[in-house]
There are 2 protein chains.
Amino acid sequence: MIRIAIIDDKISNRNILADKLSHNKFFKVIIQAVNGEDFLDQMKEASKNILPHIALMDLEMPVIDGVTAISSGSSLYPDVKFVALTIFDDDDRIFNAIKAGACGYILKEESGPVINDMLMNLWENGAGPISPSIAYKILQMVQQQTAVQTDRNALPFDVFNLSEREKEILKLLSEGLGHREIGAKIDISPNTVKKHSSNIYQKLHVNGKAQALRIAYTKGFL
Amino acid sequence: MIRIAIIDDKISNRNILADKLSHNKFFKVIIQAVNGEDFLDQMKEASKNILPHIALMDLEMPVIDGVTAISSGSSLYPDVKFVALTIFDDDDRIFNAIKAGACGYILKEESGPVINDMLMNLWENGAGPISPSIAYKILQMVQQQTAVQTDRNALPFDVFNLSEREKEILKLLSEGLGHREIGAKIDISPNTVKKHSSNIYQKLHVNGKAQALRIAYTKGFL
DNA sequence: GGAACAATAACCCATTTGGATTACCTGGCA
DNA sequence: TGCCAGGTAATCCAAATGGGTTATTGTTCC
């Protein structure tokens with residue numbers, strides 16, 4: 001029998017989730033809390049007797065939010081698996097929750113059977129439940145960890161007042177295309193592309209392509 | 001119609017995969033390559049006409065491995081989604097492939113329907129395909145920030161094996177210097193500078209300066 | 001001793017590039 | 001209404017670029 005804690009400030013959310021879990025006789029909801037503080041208080045009591053195996057934690061809550069609760073909880077109760085309940089497009093909180101110690105993530109709108117499977121899998125294999133779409137976001141975050149550094153002291157590239165057309169050309173130039181190829185791609189004469197290039201170099205106050213790309217990359221345009 | 005590239009050194013693997021995809025009429029395999037170099041060469045040709053939407057890349061290959069090919073490919077062809085084909089327990093390579101620009105991962109032993117679903121989802125929603133067990137590994141890596149940090153020293157750019165001299169030249173090229181100027185600065189013949197440049201372009205599998213700089217910037221070398 | 005590799009250098013040659021100039025057409029703004 | 005910026009296009013020309021090839025010198029490793 002798998003003991004579950006549900007932490008969400010909205011009672012309707014708690015009920016919906018509890019209902020989804022009720023179809024599997026192995027799950028038993030033993031704790032319901034309305035925020036992180038309430039949860040931690042109840043855990044303090046529960047630790048005298050019996051702890052939940054899994055805590056399903058909403059991230060957005062008053063008083064003490066989910067990330068903070070996971071951070072404390074995962075330290076205090078290392079055997080408890082913390083699973084974040086989240087909505088799509090909540091990137092920052094997701095990343096923070098990971099670092100705080102969450103072992104998995106479930107979208108709130110996920111169907112009952114899916115959630116059941118994920119939690120069963122967590123219990124049996126130790127593999128954290130991850131909605132594919134969120135896993136992808138995490139991948140992107142990891143990938144951007146290197147790119148973030150260059151953005152730091154980046155002044156807005158816009159100060160150079162490139163026209164839209166010029167930005168378009170600059171982007172194509174960065175891909176290694178020649179004037180001829182660019183002209184073919186956006187359906188103008190290669191001569192015009194060349195003229196645009198010259199104008200770009202003038203506006204950026206550089207001698208040629210390499211320096212223009214240098215500025216474009218280091219100022220965060222590319 | 002979704003255009004697919006399959007890169008694997010073993011023909012049986014390519015055939016099995018192509019066969020799994022053949023049951024869905026939306027998939028069309030337009031490129032098959034036996035290693036990373038073969039793939040990049042074929043992409044150079046393909047870029048003149050039509051590129052694949054998705055590249056399914058084996059990670060362990062001779063000549064040029066999958067991580068290197070993804071590193072180059074994701075810089076040169078940002079619209080192409082790179083999916084790594086991997087076996088379980090290949091943690092290091094998986095993580096490197098992520099940093100190199102892979103958007104998803106599929107276990108080789110995954111069934112045909114599962115792979116079909118994952119790729120369709122990638123195409124329709126932009127969510128990268130990730131086997132749950134691998135997604136969990138990635139979470140663990142992110143949580144162990146020490147592992148993330150130390151790996152930053154092993155920049156993805158190093159996979160290209162440029163010599164010190166070549167890196168020096170590449171850096172000078174990025175500053176917008178010409179062969180003549182570079183030669184004067186480091187006191188060698190402009191002809192030699194030109195030769196080094198050619199060698200750099202070959203090692204990076206690119207056509208010229210712009211693409212070389214693109215890789216250098218996006219992979220964190222510059 | 002020989003193989004492999006990096007660095008050096010020179011040559012040819014077609015293509016691309018950058019710089020400078022001139023010109024026309026359009027839409028928006030004063 | 002007229003001006004002007006932006007996009008379009010063409011031309012000339014010198015210089016730079018890239019793609020080959022070949023060759024000599026060191027070093028390192030087997």
Side-chain angles (χ1 to χ4, degrees), chain A residues 157-216 221, chain B residues 37 40-45 47-48 62-64 68 72 75-76 157-217 221-222:
Chain A
F157 183 72
D158 289 342
V159 297
F160 296 108
N161 281 314
L162 293 198
S163 70
E164 285 308 307
R165 198 52 149 177
E166 286 163 347
K167 289 181 189 170
E168 187 184 9
I169 304 258
L170 181 54
K171 200 174 295 178
L172 292 169
L173 281 173
S174 78
E175 291 171 14
L177 301 180
H179 295 151
R180 191 178 317 281
E181 297 159 302
I182 293 175
K185 178 162 263 181
I186 62 177
D187 208 46
I188 61 176
S189 157
N191 294 314
T192 308
V193 177
K194 205 153 90 69
K195 182 72 176 93
H196 282 309
S197 307
S198 292
N199 291 338
I200 292 169
Y201 303 153
Q202 279 199 322
K203 286 191 181 178
L204 265 49
H205 299 278
V206 296
N207 310 319
K209 198 192 294 182
Q211 288 187 338
L213 293 180
R214 183 190 190 77
I215 290 184
F221 175 66
Chain B
E37 183 168 54
L40 290 173
D41 286 344
Q42 290 194 46
M43 286 291 278
K44 210 184 283 184
E45 276 307 304
S47 65
K48 295 170 184 164
V63 191
I64 289 188
T68 308
S72 277
S75 287
L76 294 174
F157 186 74
D158 285 344
V159 298
F160 297 109
N161 281 314
L162 292 197
S163 70
E164 285 309 307
R165 198 54 150 176
E166 285 164 346
K167 288 181 190 171
E168 187 183 8
I169 303 262
L170 181 53
K171 201 173 294 178
L172 292 168
L173 281 173
S174 78
E175 291 170 15
L177 303 179
H179 295 151
R180 177 153 287 119
E181 299 159 301
I182 293 175
K185 177 163 264 183
I186 63 178
D187 208 44
I188 61 175
S189 158
N191 293 315
T192 309
V193 177
K194 204 154 91 68
K195 183 71 177 97
H196 283 308
S197 306
S198 291
N199 291 338
I200 292 169
Y201 303 153
Q202 278 199 324
K203 285 191 181 178
L204 265 48
H205 295 274
V206 297
N207 306 318
K209 199 193 293 182
Q211 289 189 332
L213 293 181
R214 181 188 191 80
I215 290 183
Y217 282 116
F221 175 66
L222 291 174

Whole Å only: how far is the CD atom of B:Glu181 from the C1' atom of C:dG18?
13 Å
I need the B:Ile200 CD1 to B:Ile215 CD1 distance, nearest 0.5 Å.
12.0 Å
Integer-rounded Å distance: D:dA16 P and B:Leu177 CG
12 Å
Between B:Asn191 and C:dA10, is there a contact of a side-chain N or O with OP1 or OP2 at under 4.0 Å?
yes
Reading DNA chain C from 5' onward, which residue's closest nucleotide shows up sooner: B:Lys195 or A:Ala210?
B:Lys195
OP1, OP2 of C:dA10 versus side-chain N and O of B:Ser189: anything below 4.0 Å?
yes
Taking any heavy-atom pair under 4.0 Å as a contact, classify B:Asn207: base, sugar-phosphate, or nothing.
sugar-phosphate
Rounded to whole Å, CD1 of B:Ile200 lies from C1' of D:dT17 at a distance of 14 Å
Nearest-angstrom distance from the residue atom CD of B:Glu168 to P of C:dA6
16 Å
Looking only at C:dC12, D:dT21, D:dT11, the nucleotide nearest the B:Lys194 side chain is C:dC12
Using OP1 and OP2 only, check whether a side-chain N or O of B:Lys209 sits under 4.0 Å from D:dT17.
yes
Ion pair present between A:Glu168 and A:Arg165, side-chain N to carboxylate O less than 4.0 angstrom?
yes
Any side-chain heavy-atom pair of B:Phe160 and B:Thr68 under 4.5 Å
yes
D:dA9 phosphate, OP1 or OP2: any side-chain N/O from A:Thr192 under 4.0 angstrom?
yes
Nearest to the side chain of B:Lys203, which nucleotide is it out of C:dA7, C:dA6, D:dG19?
C:dA6
Using a heavy-atom cut-off of under 4.0 Å over every strand shown, decide if B:His196 touches base, sugar-phosphate, or nothing.
base
Would you kindly give the CD-to-P distance between A:Gln202 and D:dA5, to the nearest whole Å?
14 Å
Nearest heavy-atom contact between A:Ile169 and A:His196 is CD1-CD2, 3.9 Å
Taking OP1 and OP2 of C:dC5, is either one under 4.0 Å from a side-chain nitrogen or oxygen of B:Ser163?
no
Rounded to the Å, how far apart are B:Asn199 CG and D:dT22 P?
16 Å
Between A:Ile169 (CD1) and D:dG6 (C1'), how many Å, whole number?
12 Å
Euclidean distance, atom CZ of residue B:Phe160 to atom P of C:dA6 [Å, nearest integer]:
16 Å
Presence of A:Arg180 side-chain N/O under 4.0 Å of C:dT15 phosphate oxygens OP1/OP2:
no
Below the 4.0 Å mark, does C:dG19 have OP1 or OP2 next to a side-chain nitrogen or oxygen of A:Tyr201?
no
Do B:Leu170 and B:Leu213 touch side chain to side chain, with heavy atoms closer than 4.5 Å?
yes
